[in-house]
Chemist: 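First the structure, which I've put down as structure tokens, then a few questions once you've had a look.
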Amino acid sequence: MQQALDQALKPLKLDYIARHEVLFITTPEKVNALPETHIYDVQKLLGPNVEPSVITEEITTKVLPKTWSQNGGQGTTAYVPGYFIVYQTPRAHRKILERFKTLRQRLDGNAVEKP
């Protein structure tokens, strides 16, 4: 459903946010003004070949790079053993979940990286 909403709203230059089981459709500017903190369990992504710094680089360079604090945006990430705490926009959080899924599949040997 998220992909369908993204595709339907993109030509209209709109975005969405779900809050309290209600879907709000509005401008990207208004959605970006409502950053959220999410905690991601990344224990299954970590291993001998994947350190926390690899995951940090993966999300900050491939998920809306301009939105991260090191590039002038408001997004931040912190690591505590086994978990990433991310302060970011709702759109970025959706993309982070997609990136983690792709990374998990790639680690399992089941995915082909999208260009």
Side-chain angles (χ1 to χ4, degrees):
M1 184 157 159
Q2 290 176 356
Q3 289 177 342
L5 274 170
D6 285 339
Q7 290 178 354
L9 296 175
K10 188 174 182 176
L12 302 172
K13 297 182 181 175
L14 294 173
D15 202 350
Y16 68 94
I17 185 170
R19 291 272 167 102
H20 309 290
E21 299 184 25
V22 176
L23 181 66
F24 295 95
I25 297 175
T26 185
T27 65
E29 294 79 19
K30 288 186 180 179
V31 171
N32 290 339
L34 301 168
E36 304 170 333
T37 300
H38 289 212
I39 299 172
Y40 296 97
D41 181 344
V42 295
Q43 295 175 68
K44 292 181 181 177
L45 294 177
L46 298 172
N49 297 324
V50 181
E51 295 291 323
S53 60
V54 171
I55 296 174
T56 300
E57 184 176 339
E58 182 79 14
I59 63 173
T60 58
T61 61
K62 295 184 180 179
V63 175
L64 305 171
K66 293 179 184 178
T67 66
W68 296 97
S69 60
Q70 63 266 33
N71 297 324
Q74 61 184 349
T76 60
T77 182
Y79 178 75
V80 294
Y83 299 88
F84 270 96
I85 302 167
V86 180
Y87 179 77
Q88 219 359 318
T89 65
R91 175 172 291 285
H93 283 294
R94 293 191 302 266
K95 300 288 185 186
I96 289 167
L97 285 172
E98 290 173 15
R99 179 54 60 183
F100 282 160
K101 182 179 177 182
T102 300
L103 183 58
R104 177 76 255 164
Q105 290 172 338
R106 194 171 54 189
L107 290 172
D108 290 342
N110 299 330
V112 176
E113 180 72 17
K114 294 180 182 178

Chemist: So do the side chains of Phe84 and Asp41 get within less than 4.5 Å of each other, counting heavy atoms only?
Modeler: no
Chemist: Is Leu97 reachable from Ile55 through a run of I, L, V, M, F, W or Y residues, each pair having side-chain heavy atoms under 4.5 Å apart?
Modeler: yes
Chemist: Looking at Pro90 and Leu34, what are the two nearest heavy atoms and their distance?
Modeler: CD-O, 3.7 Å
Chemist: Applying side-chain contact (heavy atoms from CB on, under 4.5 Å) to Val80 and Ile85, what does each step give before you reach the verdict?
Modeler: CA-CA 8 Å; Val80 294; Ile85 302 167; 4.3 Å; yes
Chemist: Can you find a pair of side-chain heavy atoms, one from Val54 and one from Leu45, that are under 4.5 Å apart?
Modeler: no
Chemist: Does Glu57 CD have over 12 foreign heavy atoms under 6.0 Å away?
Modeler: no
Chemist: Check side-chain contact (heavy atoms from CB on, under 4.5 Å) between Lys30 and all other residues, then give those that pass, not counting sequence neighbours.
Modeler: Thr26, Thr27
Chemist: List the residues meeting ring pair (Phe, Tyr, Trp, His ring centres under 6.0 Å) with Phe100, not counting sequence neighbours, and say none if there are none.
Modeler: Tyr40
Chemist: I need the full list of salt bridge (charged side-chain N to carboxylate O under 4.0 Å, His left out) pairs touching residues 80-90, with sequence neighbours left out, sorted by first then second residue.
Modeler: none
Chemist: Can you name the closest pair of heavy atoms from Arg99 and Val63 and give their distance?
Modeler: CB-CG2, 3.8 Å
Chemist: Mind listing the side-chain donor-acceptor pairs of residues 11-18 below 3.5 Å, one per line with the distance, residues two or more places apart or on another chain?
Modeler:
{"residue": "Asp15", "atom": "OD1", "partner": "Arg91", "partner atom": "NH2", "Å": "3.0"}
{"residue": "Asp15", "atom": "OD1", "partner": "Arg94", "partner atom": "NH2", "Å": "3.0"}
{"residue": "Asp15", "atom": "OD2", "partner": "Arg91", "partner atom": "NE", "Å": "3.2"}
{"residue": "Tyr16", "atom": "OH", "partner": "Arg94", "partner atom": "NE", "Å": "3.1"}

Chemist: Output all residues satisfying side-chain hydrogen bond (donor to acceptor under 3.5 Å, both in side chains) with Thr67, sequence neighbours left out; order by chain, then residue number.
Modeler: Gln88
Chemist: For residues 51-70, which residue pairs qualify under ring pair (Phe, Tyr, Trp, His ring centres under 6.0 Å), counting only residues two or more places apart or in two chains?
Modeler: none
Chemist: Would you please name every residue forming a salt bridge (Lys or Arg N to Asp or Glu O under 4.0 Å) with Glu36, sequence neighbours left out?
Modeler: Arg19
Chemist: Enumerate the side chain to side chain donor-acceptor pair (under 3.5 Å) contacts for residues 78-87, please, sequence neighbours excluded, ordered by first and then second residue.
Modeler: Gln43-Tyr83
Chemist: Do Thr60 and Pro65 have side chains that get closer than 4.5 Å, going by heavy atoms?
Modeler: no
Chemist: Per the salt bridge (charged side-chain N to carboxylate O under 4.0 Å, His left out) rule, what does the pair list look like for residues 81-90, sequence neighbours excluded?
Modeler: none
Chemist: Once rounded to the nearest 0.5 Å, what's the spacing between atom CD1 of Ile59 and atom CG of Leu103?
Modeler: 10.5 Å
Chemist: Hey, what do you get for CD (Glu58) to CD1 (Ile96), rounding to the nearest 0.5 Å?
Modeler: 11.5 Å
